[in-house]
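Structure, as structure tokens:
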Amino acid sequence: EVQLVESGGGLVQPGGSLRLSCAASGFTFSSYWMSWVRQAPGKGLEWVANIKQDGSEKYYVDSVKGRFTISRDNAKNSLYLQMNSLRAEDTAVYYCARVRSAAGTPYYYYAMDVWGQGTTVTVSS
Amino acid sequence: DIQMTQSPSSLSASVGDRVTITCRASQSISSYLNWYQQKPGKAPKLLIYAASSLQSGVPSRFSGSGSGTDFTLTISSLQPEDFATYYCQQSYRAFTFGPGTKVDIK
């Protein structure tokens, strides 16, 4: 069964740090781009970051640049999100997602086709 | 950055109704547009990718169309399990989600 399981969420004070993990199973993890997406309480979805199969390319939403770092360990089938300098507005459910690709012109078509159940991050004093 | 808008923000419909949701991009994104369904407390589910391609396992009552800046998600005959929030998402340049459209029971 294809599965993603997030962990590492919790309560952290403003300015603090947290590291989220996402364990993948049931597919060849090293063959896929991966993403983190978050959802603040009662709000919509916000894409956070993407990482290429070999970790050589990483992209972030402007609001987390310089504070969050996405990484992966293909030997462990794991995706990570290191979150530093956390703010109240980072409070959200964080989902990891697998990114499927299909040939397109001029770029590949990318979509998030497998999602984890989410892990909750609360930034509060 | 590419901004996404959706209309309406919410709608009420009955089982069996034909439902149409519109998504607009702030610049041309060709067909780099996906649609997701999310139910309360659950992770999103991919419905449509590349504007009009149905994701495996998704019922054929869901369809997508459009190109450039204007896109549409259509549910041909609304079923009880379709009451949810729907998001569009562009993948032309990084990723951006639309604000969502909540479909509830009339």
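A note on names: the letters A, B, ... follow the listed sequences, proteins ahead of strands, and every chain is numbered from 1. Since we're looking at a predicted model, the values are computed, not measured. Heavy atoms only: backbone and side chains are in, while hydrogens, waters and symmetry mates are out.
Judged by distance alone, with hydrogens and angles left aside, the side-chain atoms of A:E6 form no donor-acceptor pair with the main-chain N or O of A:L20 at under 3.5 Å. The backbone N or O of A:Y94 sits nowhere less than 3.5 Å from a side-chain atom of A:T119 that would complete a donor-acceptor pair.
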(request) Mind running ring pair (Phe, Tyr, Trp, His ring centres under 6.0 Å) on B:Y36 and B:Y86 for me, showing each step along the way? (result) CA-CA 6 Å; B:Y36 299 85; B:Y86 294 85; over 10 Å; no
(request) Before giving the answer on ring pair (Phe, Tyr, Trp, His ring centres under 6.0 Å), spell out for A:Y32 and A:F27 the whole-Å C-alpha distance, their side-chain angles and the decisive distance to 0.1 Å. (result) CA-CA 9 Å; A:Y32 291 86; A:F27 65 98; 5.4 Å; yes
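In this structure, chain A has heavy atoms under 4.5 Å from both the backbone and the side chain of B:Y32. For a residue to count as touching a neighbouring chain, one of its non-hydrogen atoms must lie under 4.5 Å from one of that chain's; by this rule A:T105 touches chain B with the backbone only. Only the side chain of A:Y95 comes within less than 4.5 Å of a heavy atom in chain B; its backbone stays farther off. Proximity to chain B (any heavy atom under 4.5 Å) is restricted, for A:N50, to the side chain, taken from C-beta onward. Only the side chain of A:V99 has a heavy atom closer than 4.5 Å to any heavy atom of chain B. Proximity to chain B is absent for every atom of A:Y60, based on heavy atoms less than 4.5 angstrom apart. Both the backbone and the side chain of B:S31 come within less than 4.5 Å of a heavy atom in chain A.
For the set B:P44, B:S91, B:P99, B:G100, the entry with the most heavy-atom pairs within less than 4.5 Å of chain A is B:P44. Ranked by heavy-atom pairs under 4.5 Å with chain B, the first of A:Q117, A:R100, A:E46 is A:R100.
Expressed to the nearest 0.5 Å, how far CG of A:L79 lies from SG of A:C96 amounts to 6.0 Å. Note that OG1 of B:T85 is 8.5 Å distant from CD of A:Q39, once rounded to the nearest 0.5 Å.
Other residues, nucleotides and ligands contribute over 12 non-hydrogen atoms within 6.0 Å of the CZ atom of B:F83.
Here A:D54 does not pair with A:R72 in a salt bridge; the nearest charged N to carboxylate O distance is not below 4.0 Å.
Residues of residues 52-66 of chain B lying within less than 4.5 angstrom of chain A, judged on heavy atoms, are B:Q55 in numerical order.
With hydrophobic clusters built from ILVMFWY side chains whose heavy atoms lie under 4.5 angstrom apart, A:V121 shares a cluster with A:V37.
Geometrically, A:R19 engages A:Y80 in a cation-pi contact, judged by NZ or CZ lying under 6.0 Å from the ring centre and within 45° of the ring axis.
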